[in-house]
Amino acid sequence: MEQKLTTDYAIAIESLSNGTAQIGCCMGGEGYCQAKVANDAVNPLFVQSGESGYSG
């Protein structure tokens, strides 16, 4: 497995959408929504949450 680092959200979203990347980390909800709209096969693996379990 090859790891790549980017600081550009647009590149991360596009990579997830077109299948170039298999996992993206720390993008936030908006990034996920954009990738999901571009490719319905994109799904969350995990989400951050607080002590109560609430992520907001």
- Message: Looking at V37, is its backbone amide N or carbonyl O close enough to the side chain of N39 to form a donor-acceptor pair, meaning the two atoms are under 3.5 Å apart?
- Response: no

Separation between [atom1] of [X] and [atom2] of [Y], rounded to the nearest 0.5 Å:
X   : Y   : atom1 : atom2 : answer
Y32 : L45 : OH    : CG    : 12.0 Å
K4  : T20 : NZ    : OG1   : 8.0 Å
I11 : L16 : CD1   : CG    : 12.0 Å

- Heavy-atom pair of closest approach, residues S17 and A38: OG-CB, 3.3 Å

- Task: Would you name the heavy atoms of A35 and I13 that are closest together and state the gap between them?
- Result: N-CG2, 3.8 Å

- Task: Answer yes or no: are there more than 12 heavy-atom neighbours, outside Y9 itself, under 6.0 Å from its atom OH?
- Result: no

- Task: If a pair satisfies salt bridge (charged side-chain N to carboxylate O under 4.0 Å, His left out) and one of its residues is in residues 7-23, list it, with sequence neighbours excluded.
- Result: none

